Enquirer: 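I'd like to ask you about the structure that follows.
Note that the coordinates shown come from a computational prediction; the quantities given were computed from them, not determined experimentally. Numbered from 1 within each chain, the chains take letters A, B, ... in sequence-line order.
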Amino acid sequence: MTIEKERTERYDPATIEPKWQEEWVRSGLHDTLDTADKPNFYFLTMFPYPSGEIHVGHWYAFAPPDCAARFMRMNGHNVLFPMGFDAFGINAENAAIDRKIHPAVWTEKNMAHMRDQFRRMGTAIDWRREVITCYPEYYRWNQWMFLKLYEKGLAYRGEAPVNWCPRDETVLANEQVIGGRCERCDTPVEKRQMTQWFYRITKYADELLRFEGLDWPERVRVLQTNWIGRSEGAEITFPVEGHPGADIKFFTTRPDTIYGATFMVLAPEHPLVERITTPAQREQVRKYVDHARNMAEIERTTAEREKTGIFTGAYAKNVFTGERVPIWIADYVLLAYGTGAIMAVPAHDERDFAFAKKFGLEIREVISEDGKEHGALDAAYVGEGGMVRSGPFTGTRSEVGKKAIADEARKRGIGGPSVTYRLRDWLISRQRYWGTPIPIVHCPTDGAVPVPYDQLPVELPRDVEFTGRGGSPLAHVPAFVNTTCPKCGKPARRDTDTMDTFVDSSWYMYRYVDPKIDTAFMNAAIGKKWLPVHQYTGGVEHAILHLLYMRFMAKALRDLGELWFDEPVTRFRYQGTIVFKGRKMSKSRGNVQTPDEYVKRYGADTLRLFMMFMGPWVDGADWDASGIEGVHRFLRRVWDMASADRQPAGPREAELDRKVQRAIKRVTEDVRTYSFNTAVAAMMELSNALQKGAGPSRDEGIATIVLLLAPFAPHMTDELWHKRGGQGSVHQQRWPTYDELIAAPAELTIVVQVNGKLRDRIVAPAGSSEDALRSAALASPKVRAALAGASPKKVIVVADRLVSIVTR
RNA sequence: GCCCGGGUGGCGGAACGGAUUACGCGUCGGCCUUAGGAGCCGAUGGGGCGCAAGUCCCGUGUGGGUUCGAGUCCCACCCCGGGCACCA
């Protein structure tokens, strides 16, 4: 009994985990050199927002990537695995309003808490490279980039209908509006006409649609492609009767239907509306426009709303038919898409059809499936077909007619082929405090003047009153606002808006390579050794927002001559979301599941392993810790085996040797493909087999499983490594290799089927020939009984698997 | 409505067109124990026949199809999750 106790001390994560966490820091195990005798590998995981609420979702986001990064290290790579904080943001400011804590203080406190969580998680992060976006040393480069983009025409100030969240009292980017609601607080957003700063992401729309050479998940590519929403068609202009120069330009994807354009519709906010409306219609039109303006976006865009609209009294000329067509306004036409005006073809567009039906407008068929003319249509026909009643184009196929009409428009000088995108320019100004000040001074004489580079950073003033009302908080800080114009020296006012925090995260991966450099946003000499990022991981919820902005910023910086690559991230993988009882975890819902009690009870290694074992990482999970006992038992069994005395004497066990080899192969392949759950299963199987084994095969197998488990359970395996007399850290060891020949079993059970039914199993050497298997199967007494004298018509042999005999 | 995923034991989930359910949870039985909510060993899809060794039938959302053989491929449909949604 006492001997047993000496040999195997209890697995006690509570003592070994803190011990190794300290040891790794002391020995600098995770400090990455920029140059090593191994290939560099930049493994990046999306940095967190320091919200202060640590939940199990954080572990899910960080523990599996940490395992993959450690795996790369053991596989001979010099891995950069940095971490930092996306530290600007509205939550900090709301905390200031609610609890009277300065955002900076609140943020620092949360970052300290989260660093501690990362430590307790056992992550192999190089903290010397930490990047924190709310420090002036960081955000000055946001300002620097802003000015560079401004010089290049990639940043501009413009008036546009923007999304306004009345609760957060700020504008939002299109990407931050989910289903007509504010992404943050779920409040329905309003449309406001405002002058704001934009980044010209639309310039890169086509390039952003290209993913060649990128190893990114299909789902993310599809999401981004749909978001960009490229449509091919034509832009054509119709003149307005009695208003020379007031031509209506419109975009259509169906120029082939132009002979069926029996009316036109403008968005209510369209600039021409006021000019062309006839006096008789003026009052009604004004009412309609006001109503449309005041309607919440969510209300206006609700699908299947009945069509509304008003006739302006004006007519345009359909230059193809030569007819005069009435011009209407209706809120189903959006100012922000295309040109804010359409030619309405009720016969071939469902929306136009509904509108025409309601207001008694002409519906004229110009495309027909069978190429013949029909009477009245019951519904819009939106498919392709033969063109009818289309002047010289009659008889042409619609697919051909599209191009023909667009070309004809070009010939006549009234338009031509064109492409439109759903993607809008990135609105980056926010009427909030806790962000990067926009480095612009507004001068009464010189207008918007850039802050000179040598005056960067424009620092956020510390003393600000947080009332939560009244627009940009910075506007109420005279010491900040009042300045002089860099151009003329006269009194001027600083821009009081701050930048969207997605600006911060659009380029942080360049900062990690040398976060201290103060002469450039990136140390290019070091960056050349690491970039572009080899592997990026993060939540799928950022598929559009952050990942699209990040790609845009790389292209913009490339065009500024600052980067030498087109794409910032070569390989991307996402994790699914952890929910609790089907709902997203959040403080406001009060359903935040914290990791602490599990760490206390089972240790970080167990929780890490459980995170990876729950199911496929991409799928996420509904949090349910009931299975955590199983992985903990597994770790304890490995602990007991590996800390017991060795038993090298005795014969080898060939089957066990094969199982060890197969486990190495499976774990290696599974970690590469991020199938962490099956990798853990493979190690569990091996552990079960080792427990039944003996002798040197078992002993070597135990040594192997300690190595295989190292990226998953880093504390326990380092402890075992040392207890077993290993030098250095287990994390500095080479990943075990496998031999396909040994991994393959010598003998296999071959299934024999007769007419599709399992009738016998025979044992045959691996790699047996078809003939050998066939005759062995046919010789089986059970098979002969099943055949009952019938002669085989067909015998299918699948090597190393089965023999299927068919008599029918 | 459109575009992606996905429906497998009581549960989480495995499964190159080849023995359906690896691994784990749970449950049941046993051992150990003063005790066990610790540990170890074993069983565990449903149904029928049999004292038993066994054996037969049915099983991957539904209905068809291809194939010697389908969770896997094809067609139609149902349901669930996500995204987009009056985008011209």
Side-chain angles (χ1 to χ4, degrees), chain A residues 10 178-180 217-227 229-231 233 250-254 257 261 265 267 300-308 330-334 336-345 348-352 354-355 420-424 540-541 543-544 576-577 579 582 609-610 613-616 618-622 624-634 636-637 640 666 675 677-688 691 749-758 761 792-808:
Chain A
R10 254 183 82 79
I178 314 289
E218 160 89 8
R219 176 162 171 208
V220 175
R221 300 200 313 257
V222 167
L223 246 34
Q224 292 201 356
T225 302
N226 291 345
W227 184 260
R230 185 179 199 274
S231 298
F250 59 87
F251 175 78
T252 176
T253 55
R254 295 296 302 269
T257 64
V265 186
R300 180 164 161 183
T301 56
T302 299
E304 307 311 315
R305 219 178 96 233
E306 185 158 0
K307 297 273 177 293
T308 59
D331 61 9
Y332 79 93
V333 174
L334 309 172
Y337 186 79
T339 62
I342 61 163
M343 68 168 193
V345 185
H348 306 294
D349 181 282
E350 282 164 19
R351 297 149 301 176
D352 299 345
F355 194 82
T420 291
Y421 303 89
R422 211 186 73 104
L423 181 72
R424 305 261 61 86
V540 69
E541 65 274 16
I544 295 172
T577 313
V579 297
L609 205 68
F610 181 59
F613 185 62
M614 289 190 301
V618 285
D619 288 352
D622 202 332
D624 173 13
S626 62
I628 196 168
E629 289 279 356
V631 291
H632 187 63
R633 265 196 285 270
F634 159 66
R636 199 163 45 215
R637 279 197 281 258
D640 288 344
R666 283 174 62 189
S675 303
N677 57 327
T678 51
V680 176
M683 289 187 286
M684 286 174 165
E685 277 181 67
L686 176 59
S687 157
N688 292 343
Q691 238 159 353
T749 303
I750 307 293
V751 170
V752 184
Q753 294 177 351
V754 177
N755 290 331
K757 287 203 168 133
L758 175 70
R761 301 179 170 99
K793 223 173 183 165
K794 198 169 167 189
V795 179
I796 294 131
V797 180
V798 181
D800 292 345
R801 279 221 174 257
L802 65 69
V803 178
S804 180
I805 300 160
V806 189
T807 61
R808 282 173 273 143

Enquirer: For A:K794 and A:Y337, find the nucleotide of RNA chain B closest to each by heavy atoms; which residue's nucleotide sits nearer the 5' end?
Expert: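 Looking at RNA chain B, the more 5' nearest nucleotide goes with A:K794.
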
Enquirer: Does A:R10 put a side-chain nitrogen or oxygen below 4.0 Å from OP1 or OP2 of B:A38?
Expert: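 No, A:R10 has no side-chain N/O under 4.0 Å of OP1/OP2 on B:A38.
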
Enquirer: Between B:A70 and B:C2, how far is it from one P atom to the other, in whole Å?
Expert: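 Each nucleotide's P atom is 32 Å from the other's.
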
Enquirer: Looking only at side-chain N and O atoms, does A:R637 come under 4.0 Å of OP1 or OP2 in B:C40?
Expert: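 Indeed, a polar side-chain atom of A:R637 lies that close.
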
Enquirer: How long is the gap from CG on A:D624 to CG on A:D622, to the nearest 0.5 Å?
Expert: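 So the CG of A:D624 and the CG of A:D622 are separated by 7.5 Å.
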
Enquirer: Taking atom C1' in both B:G18 and B:G29, what distance in whole Å separates the two?
Expert: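 My reading of the C1' atoms in B:G18 and B:G29 gives 35 Å.
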
Enquirer: Show your working on side-chain contact (heavy atoms from CB on, under 4.5 Å) between A:H632 and A:I628 and close with a plain yes or no.
Expert: CA-CA 6 Å; A:H632 187 63; A:I628 196 168; 5.6 Å; no

Enquirer: Side chain of A:R636: nearest nucleotide among B:G18, B:G39, B:A14?
Expert: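 Selected nucleotide: B:G39.
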
Enquirer: With rounding to whole Å, what would you report as the distance between B:G10 and B:G48 at their C1' atoms?
Expert: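 The same atom, C1', in both gives a distance of 23 Å.
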
Enquirer: Can you check the A:R633 CZ to B:G26 C1' distance for me, whole Å?
Expert: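 Going from A:R633 (CZ) to B:G26 (C1'), I get 11 Å.
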
Enquirer: Enter the distance from A:T678:OG1 to A:M683:CE here, rounded to the nearest 0.5 Å.
Expert: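 The OG1 atom of A:T678 sits 10.0 Å away from the CE atom of A:M683.
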
Enquirer: Side chain of A:S626, heavy atoms from C-beta onward: which of B:G24, B:C25, B:A88 has the nearest atom to it?
Expert: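 The listed nucleotide nearest to A:S626's side chain is B:C25.
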
Enquirer: Check the angle between the aromatic planes of A:F355 and A:Y332 and answer parallel, tilted or perpendicular using the 30° and 60° thresholds.
Expert: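 Rings of A:F355 and A:Y332: tilted, as their planes differ by 30° to 60°.
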
Enquirer: Taking the C1' atom of each, how far is B:G9 from B:C3, in whole Å?
Expert: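 Those two atoms are separated by 33 Å.
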
Enquirer: Can you tell me the distance, in whole Å, between the CD atom of A:E541 and the P atom of B:G81?
Expert: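 Going from A:E541 (CD) to B:G81 (P), I get 19 Å.
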
Enquirer: Tell me whether A:D352 contacts the main-chain N or O of A:V345 through its side chain, where contact means a donor paired with an acceptor under 3.5 Å.
Expert: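 Checked: pair present.
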
Enquirer: What integer distance in Å separates A:F355:CZ from B:C86:C1'?
Expert: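 Value for this atom pair: 12 Å.
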
Enquirer: Find the distance between CG (A:D349) and CE (A:M343) and round it off to the nearest 0.5 Å.
Expert: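 Spacing of CG (A:D349) from CE (A:M343) equals 9.5 Å.
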
Enquirer: Side-chain donor or acceptor of A:K307 under 3.5 Å from a matching atom on the base of B:C86?
Expert: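 In this structure, the two groups form a donor-acceptor pair.
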
Enquirer: I'd like a list of close polar pairs between nucleotides 4-12 of chain B and the protein, N/O only, cut-off under 3.5 Å.
Expert:
| residue | atom | partner | partner atom | Å |
| --- | --- | --- | --- | --- |
| B:G12 | O2' | A:M614 | O | 2.6 |

Enquirer: Is A:R422 close enough to B:C84 that one of its side-chain N or O atoms is under 4.0 Å from OP1 or OP2 there?
Expert: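 Answer is no, no contact under 4.0 Å.
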
Enquirer: Respond yes when some side-chain nitrogen or oxygen of A:N688 is under 4.0 Å from OP1 or OP2 of B:G24, and no when none is.
Expert: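 Yes, A:N688 has a side-chain N/O under 4.0 Å of OP1/OP2 on B:G24.
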
Enquirer: Nearest heavy-atom pair of A:L223 and A:A543: which atoms, and what distance?
Expert: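 In terms of heavy atoms, the two residues are closest at CD2-CB, 3.6 Å.
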
Enquirer: If the glycosidic angle sits within 90 degrees of zero it is syn, else anti. Tell me which applies to B:G29.
Expert: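 The base of B:G29 is oriented anti (glycosidic angle more than 90° from 0).
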
Enquirer: List, one per line, each side-chain donor-acceptor pair under 3.5 Å for residues 793-805 of chain A, sequence neighbours excluded.
Expert:
| residue | atom | partner | partner atom | Å |
| --- | --- | --- | --- | --- |
| A:D800 | OD1 | A:G767 | N | 2.8 |

Enquirer: Which nucleotide in the list B:C86, B:G18, B:A14 gets nearest to the side chain of A:L802?
Expert: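 Within the option list, the nearest is B:G18.
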
Enquirer: Confirm from the modelled atom types if A:Q753 and B:G18 form a donor-acceptor pair under 3.5 Å, side chain to base only.
Expert: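 A donor-acceptor contact between them is present.
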
Enquirer: Please give the nucleotide sitting opposite B:G18 as a Watson-Crick or G-U wobble pair, both distances under 3.5 Å, or none.
Expert: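 With both distances under 3.5 Å, B:G18 matches B:C68.
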
Enquirer: Under 4.0 Å, heavy atoms only, any strand: does A:L223 hit a base, just the sugar-phosphate, or nothing?
Expert: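 Here A:L223 touches the backbone only, sparing every base.
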
Enquirer: Which one is paired to B:G81, where only Watson-Crick or G-U wobble pairs with both distances under 3.5 angstrom count?
Expert: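 Result: B:C4.
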
Enquirer: Measure the CD-CD1 distance between A:Q224 and A:I544 for me, rounded to the nearest 0.5 Å.
Expert: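 Answer for the CD-CD1 pair, A:Q224 versus A:I544, is 7.5 Å.
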
Enquirer: To the nearest angstrom, how far is A:D349 atom CG from B:A88 atom C1'?
Expert: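 So the two atoms are 6 Å apart, to the nearest Å.
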
Enquirer: Would you mind telling me which residue lines up with the more 5' stretch of RNA chain B, A:A799 or A:S804, judged by nearest nucleotide?
Expert: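 Its nucleotide being nearer the 5' end, the pick is A:A799.
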
Enquirer: Give the C-alpha distance, both sets of side-chain angles, the deciding distance and a yes or no for side-chain contact (heavy atoms from CB on, under 4.5 Å) between A:R230 and A:R422.
Expert: CA-CA 7 Å; A:R230 185 179 199 274; A:R422 211 186 73 104; over 6 Å; no

Enquirer: Let's see if you can work this out: which of B:C23, B:C25, B:C86 has an atom nearest to the side-chain heavy atoms of A:Y332?
Expert: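 In terms of side-chain proximity for A:Y332, the closest of B:C23, B:C25, B:C86 is B:C86.
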
Enquirer: Taking 4.0 Å as the cut-off, does a side-chain nitrogen or oxygen of A:S231 come that near to OP1 or OP2 on B:A88?
Expert: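 Affirmative; the distance criterion is met.
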
Enquirer: Using atom P in both nucleotides, what's the gap between B:G83 and B:A43 to the nearest angstrom?
Expert: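 Those two atoms are separated by 45 Å.
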
Enquirer: Rounded to the nearest 0.5 Å, what separation is found between the OH atom of A:Y337 and the CZ atom of A:F251?
Expert: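 Atom-to-atom, A:Y337:OH and A:F251:CZ are 5.0 Å apart.
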
Enquirer: From B:A22, B:C84, B:C68, pick the nucleotide closest to the side chain of A:W227?
Expert: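 In terms of side-chain proximity for A:W227, the closest of B:A22, B:C84, B:C68 is B:C84.
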
Enquirer: Under the 3.5 Å rule, do the base of B:A88 and the side chain of A:R254 count as making a donor-acceptor pair?
Expert: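 When only heavy-atom distances are counted, A:R254 does not reach the base of B:A88 through any donor-acceptor pair under 3.5 Å.
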
Enquirer: In Watson-Crick or G-U wobble terms, both distances under 3.5 Å, what is the partner of B:U33?
Expert: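 Base partner found: none.
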
Enquirer: Calculate the interatomic distance between A:I750 atom CD1 and B:G69 atom P; express it in whole Å.
Expert: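 Interatomic distance, CD1 of A:I750 to P of B:G69: 20 Å.
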
Enquirer: Which nucleotide, B:G13, B:C23, B:A88, lies nearest any side-chain atom of A:T252?
Expert: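 Of B:G13, B:C23, B:A88, B:A88 is nearest to the side chain of A:T252.
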
Enquirer: For atom C1', what is the distance between B:U67 and B:G17, given to the nearest Å?
Expert: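 My reading of the C1' atoms in B:U67 and B:G17 gives 9 Å.
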
Enquirer: Can you figure out which of B:G18, B:A19, B:C3 approaches the side chain of A:N226 most closely?
Expert: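 Looking only at heavy atoms from C-beta outward on A:N226, the closest nucleotide is B:C3.
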
Enquirer: From CZ of A:F634 over to P of B:A22, roughly how many Å is that when rounded to an integer?
Expert: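 To the nearest whole Å, that distance equals 18 Å.
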
Enquirer: Choosing from B:A88, B:A22, B:G13, which nucleotide comes nearest the side chain of A:A681?
Expert: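 Nearest to the side chain of A:A681 among the choices is B:A22.
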
Enquirer: Rounded to whole Å, please give me the gap between CZ in A:F610 and C1' in B:G13.
Expert: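 One finds 12 Å between C1' of B:G13 and CZ of A:F610, rounded.
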
Enquirer: Can you tell me the pairing partner of B:C28 across any strand shown, Watson-Crick or G-U wobble, with both distances under 3.5 angstrom?
Expert: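 When the pairing criteria are applied, B:G42 turns out to be the nucleotide that pairs with B:C28.
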
Enquirer: Could you pull out all residues at least two apart from A:Q691 that satisfy side-chain contact (heavy atoms from CB on, under 4.5 Å)?
Expert: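 side-chain contact (heavy atoms from CB on, under 4.5 Å) list for A:Q691, sorted by chain: A:R637, A:M641, A:S687.
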
Enquirer: On a whole-Å scale, what distance lies between the C1' atoms belonging to B:C16 and B:C32?
Expert: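 Taking atom C1' in both B:C16 and B:C32, they lie 45 Å apart.
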
Enquirer: Pull out every protein N or O sitting under 3.5 Å from an N or O of nucleotides 44-50 of chain B, one pair per line with the distance.
Expert:
none

Enquirer: Return the pairing partner of B:C86 with a 3.5 Å limit on both distances, Watson-Crick or G-U wobble; otherwise return none.
Expert: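 Across all strands, not a single nucleotide pairs with B:C86.
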
Enquirer: Report the residues that fulfil side-chain contact (heavy atoms from CB on, under 4.5 Å) with A:T339, sequence neighbours left out, ordered by chain and then residue number.
Expert: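 side-chain contact (heavy atoms from CB on, under 4.5 Å) list for A:T339, sorted by chain: A:E235, A:K249, A:F250, A:A341.
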
Enquirer: Looking at residues at least two apart in the chain, or sitting in another chain, which of them share a side-chain contact (heavy atoms from CB on, under 4.5 Å) with A:N755?
Expert: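 Partners of A:N755 under the side-chain contact (heavy atoms from CB on, under 4.5 Å) test: A:V806, A:T807, A:R808.
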
Enquirer: Taking the C1' atom in each of B:G63 and B:C78, what is the distance between them to the nearest angstrom?
Expert: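 My reading of the C1' atoms in B:G63 and B:C78 gives 10 Å.
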
Enquirer: Could you please name the partner base of B:G9, counting Watson-Crick and G-U wobble pairs only when both distances are under 3.5 Å?
Expert: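 Paired with B:G9, as far as the under-3.5 Å criterion goes, is no nucleotide at all.
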
